Protein chains: 2
Amino acid sequence: MRSILIIEDDPAILKGLKESLEQENYHVLTARDGLKGFEMAKRENIDIIILDLMLPGKNGQEICRDLRSTGVSAPILMLTSKKHEMDKVLGLELGADDYVTKPFGLRELHARIKALLRRKADLPKDIDQYSFGSIHIDFKKREAIKRKKPLKLSLREYEVLKYLIQHEGEIVTRTMLLDEVWGYDVFPTTRTVDNYILSLRKKLEDNPAEPCHILTIHTAGYRFVK
Amino acid sequence: MRSILIIEDDPAILKGLKESLEQENYHVLTARDGLKGFEMAKRENIDIIILDLMLPGKNGQEICRDLRSTGVSAPILMLTSKKHEMDKVLGLELGADDYVTKPFGLRELHARIKALLRRKADLPKDIDQYSFGSIHIDFKKREAIKRKKPLKLSLREYEVLKYLIQHEGEIVTRTMLLDEVWGYDVFPTTRTVDNYILSLRKKLEDNPAEPCHILTIHTAGYRFVK
DNA sequence: TAAATCTTTGACATTTTTGTGACAAATTAA
DNA sequence: TTAATTTGTCACAAAAATGTCAAAGATTTA
């Protein structure tokens, strides 16, 4: 089930939205002010955020910008009151993905939510370049550079690294890697994964014995941090 | 840096777009009406044009058509308002390359701009002369020279080399070569490709055993670098 | 027509990649 | 603390991909 976070101070609108969306079978979380909403968006795993532009405490624009800079990538649907045409543009500038102006119809809202979810699903963030520490990687060209010097990585190494980076900050289990990188039809040992981690660390980390990008999460898996 | 020309009459949208795109490190030129925009597009060296369909003076469709007939080949991204579904199609027919409907999310817009730039870059430039290392090649006359001395290359060798050079820096797979150079109607082995690489290396590389122009990308293909 | 050249293939050598097990080190749980 | 589990590390072997050569067809040239 998809999770929607609504950040809205008007209790009447909030209630109406919540009920309507729950009827559409979404899991709905709510926050009455900007700060709470911001915290929830960071903490919970949200698929889409509905955000009122005018809020007490921390307004929609600020939240929008802060969420983006914190790395929250869930699409944001902005609610604006009709009078402030300008705010539309401002809101969009700050990283919102779409907006509706009050008063809005629920059917329109549902349509936009669906569109945003679809759009997100369509775009599995495909990175073809990435930099961290003294490393620069071009996944498309299969080139890796560390301090101006070329690095040789095998195909699997590129794939494992890419998967880790795509899930930056998240825990990646060995099973996830085996399933997604190796595929569902082959069954190497989980030790195989460890060995790829080992060699990636040797090549990428300044001090492979004390890695600072590819971290071990004991009893769970690994995590990439920038 | 890439140049973007925005032709849009609504000052709020124009301002928002300009600032957002400048933040993304594009060089942004703007025009408030169709005629000015048309003149700028002809005069300046533009990488991509963002064009509002509804404009005072000269509308988007006319500009689109006029630009194309004047020989301006920069990709055009059309902005349309939701009400005119039909206009979309018309706009595309007139030579636009993509469109977004207002209201649009800036992230979507950025993605589409990137896609258009990438698509443009995809079209391989036709080269008829090229130099690298101690080699000079004239594809048109079918002549190759290495250190003042003529080199003999067969037709296929020229074609394979040309394809590699046209995709300089990128990975070229054996399948790509077979499809594009040999054609879709014949089916030689992928080993055939390797043999052409071999003979090209022998003729072009100073040390064929350690090639520095035609590189092997293991499990993927080959890559030409200058 | 024969000779020369070009194209393609297969065989074998070499290199690179990949996966595994053994053992050491680290971490967790009792 | 110790025992059990998990992870780090290394060396090695199997598998896969590529390099290389020679030779057989195909095509063009003389």
Side-chain angles (χ1 to χ4, degrees), chain A residues 142-144 150-164 171-183 185-224, chain B residues 142 144 150-164 171-179 181-183 185-224:
Chain A
R142 263 251 231 112
E143 273 179 327
L151 259 182
K152 264 187 84 177
L153 300 186
S154 79
L155 177 60
R156 276 265 196 284
E157 288 169 347
Y158 272 106
E159 290 174 334
V160 170
L161 179 58
K162 187 173 182 178
Y163 191 88
L164 287 170
I171 296 178
V172 172
T173 67
R174 294 176 177 74
T175 314
M176 281 166 72
L177 281 167
L178 286 174
D179 285 350
E180 304 287 334
V181 173
W182 272 261
D185 45 349
V186 289
F187 310 97
T189 321
T190 53
R191 307 318 323 286
T192 301
V193 175
D194 299 75
N195 279 290
Y196 275 89
I197 297 295
L198 174 65
S199 71
L200 281 175
R201 280 173 175 164
K202 276 186 185 171
K203 293 177 183 182
L204 302 175
E205 296 280 359
D206 287 332
N207 178 8
E210 286 183 34
C212 59
H213 293 113
I214 302 176
L215 310 183
T216 301
I217 311 301
H218 211 268
T219 70
Y222 298 95
R223 174 168 62 203
F224 176 86
Chain B
R142 205 111 53 78
L151 256 182
K152 266 187 83 175
L153 299 187
S154 77
L155 176 59
R156 274 278 143 76
E157 286 170 346
Y158 272 106
E159 289 175 335
V160 171
L161 180 58
K162 186 173 182 178
Y163 192 87
L164 286 170
I171 295 178
V172 172
T173 66
R174 295 176 178 73
T175 313
M176 281 167 72
L177 282 166
L178 286 174
D179 284 350
V181 173
W182 273 261
D185 45 348
V186 289
F187 310 98
T189 321
T190 54
R191 308 317 323 284
T192 303
V193 175
D194 299 74
N195 280 289
Y196 274 89
I197 296 295
L198 176 65
S199 71
L200 281 174
R201 279 174 176 163
K202 276 185 185 172
K203 293 176 182 180
L204 302 175
E205 296 279 359
D206 287 332
N207 177 9
E210 285 183 36
C212 60
H213 292 113
I214 301 176
L215 309 183
T216 301
I217 311 299
H218 215 270
T219 71
Y222 299 95
R223 172 169 60 208
F224 176 86

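Basis for what follows: all heavy atoms, side chains included, without hydrogens, waters or symmetry-related copies. Everything numeric here is computed off the predicted structure, so don't read it as measured data. Every chain is numbered from 1 and lettered A, B, ... according to where its sequence line falls, protein lines coming before strand lines.
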(request) In sequence, state the C-alpha distance, the side-chain angles, and the governing distance for B/Leu164 and B/Ile197, and then conclude on side-chain contact (heavy atoms from CB on, under 4.5 Å). (result) CA-CA 10 Å; B/Leu164 286 170; B/Ile197 296 295; 4.1 Å; yes
(request) Starting at atom CD of B/Glu210, determine the distance to atom P of D/dT18, rounded to an integer number of angstrom. (result) 18 Å
(request) Check whether any side-chain heavy atom of A/Glu157 lies under 4.5 Å from a side-chain heavy atom of A/Leu204, and answer yes or no. (result) no
(request) Measure across B/Ile171 and B/Ala220 and return the closest heavy-atom pair with its distance rounded to 0.1 Å. (result) CG2-CB, 4.0 Å
(message) Rounded to whole Å, please give me the gap between CD in A/Glu159 and C1' in C/dG19.
(response) 15 Å
(message) Please pick, from C/dG10, D/dC21, C/dT7, the nucleotide with the shortest atom-to-atom distance to any side-chain atom of B/Thr189.
(response) C/dG10
(request) Kindly indicate whether the side chain of B/Tyr222, heavy atoms from C-beta on, has any atom under 4.5 Å from the side chain of B/Asp194. (result) yes
(request) Starting at atom NZ of A/Lys203, determine the distance to atom P of D/dG8, rounded to an integer number of angstrom. (result) 17 Å
(request) Evaluate the side-chain proximity of B/Leu153 to B/Arg142: yes if any heavy-atom separation is below 4.5 Å, no if none is. (result) no
(message) If you define the side chain from C-beta out and look only at heavy atoms, does anything of A/Phe224 sit under 4.5 Å from A/Val172?
(response) no
(request) Can you figure out which of D/dG19, C/dT8, D/dG8 approaches the side chain of B/Arg191 most closely? (result) D/dG19
(message) Can you say whether a donor on the side chain of A/Arg156 sits under 3.5 Å from an acceptor on the base of C/dG19, or the other way round?
(response) no
(request) Measure from CZ on A/Arg201 to P on D/dT7 and round the result to the nearest Å. (result) 11 Å
(message) Within residues 192-200 of chain B, which residues have any heavy atom lying less than 4.0 Å from an atom of DNA chain D?
(response) B/Asp194, B/Asn195, B/Leu198
(request) When you get a sec, tell me which of D/dG19, C/dT8, C/dG19 is the closest nucleotide to the side chain of A/Trp182? (result) C/dG19
(message) Between P on D/dT20 and CD1 on B/Ile214, what's the gap in Å once rounded to a whole number?
(response) 12 Å
(message) Under 4.0 Å from OP1 or OP2 of D/dC10: is there any side-chain N or O of A/Lys202 that close?
(response) yes
(request) Would you kindly compare A/Thr190 and A/Leu153 by the position of their nearest DNA chain C nucleotide and give the one closer to the 5′ end? (result) A/Leu153
(request) Please identify each residue that fulfils ring-ring contact (aromatic ring centres under 6.0 Å, His included) with A/Tyr196, with sequence neighbours left out. (result) A/Trp182
(request) For A/Ile171 and D/dT7, give me the distance from atom CD1 to atom C1', rounded to whole Å. (result) 15 Å
(request) Provide, to the nearest angstrom, the distance between the CD atom belonging to A/Glu157 and the C1' atom belonging to C/dT18. (result) 10 Å
(request) Kindly determine whether B/Thr216 and B/Arg201 satisfy side-chain contact (heavy atoms from CB on, under 4.5 Å), including the steps that lead there. (result) CA-CA 11 Å; B/Thr216 301; B/Arg201 279 174 176 163; 2.7 Å; yes
(request) Quickly work out the B/Leu177 CG to C/dT8 P distance and round it to whole Å. (result) 13 Å
(request) Scan residues 215-223 of chain B against DNA chain D and write down, sorted by residue number, each residue with any heavy atom closer than 4.0 Å; if none is found, say none. (result) B/Thr216, B/Ile217, B/His218, B/Thr219, B/Ala220, B/Tyr222
(request) Say whether, by atom type as modelled, one donor and one acceptor occur between the side chain of A/Arg223 and the main chain of A/Ile217 under 3.5 angstrom. (result) no
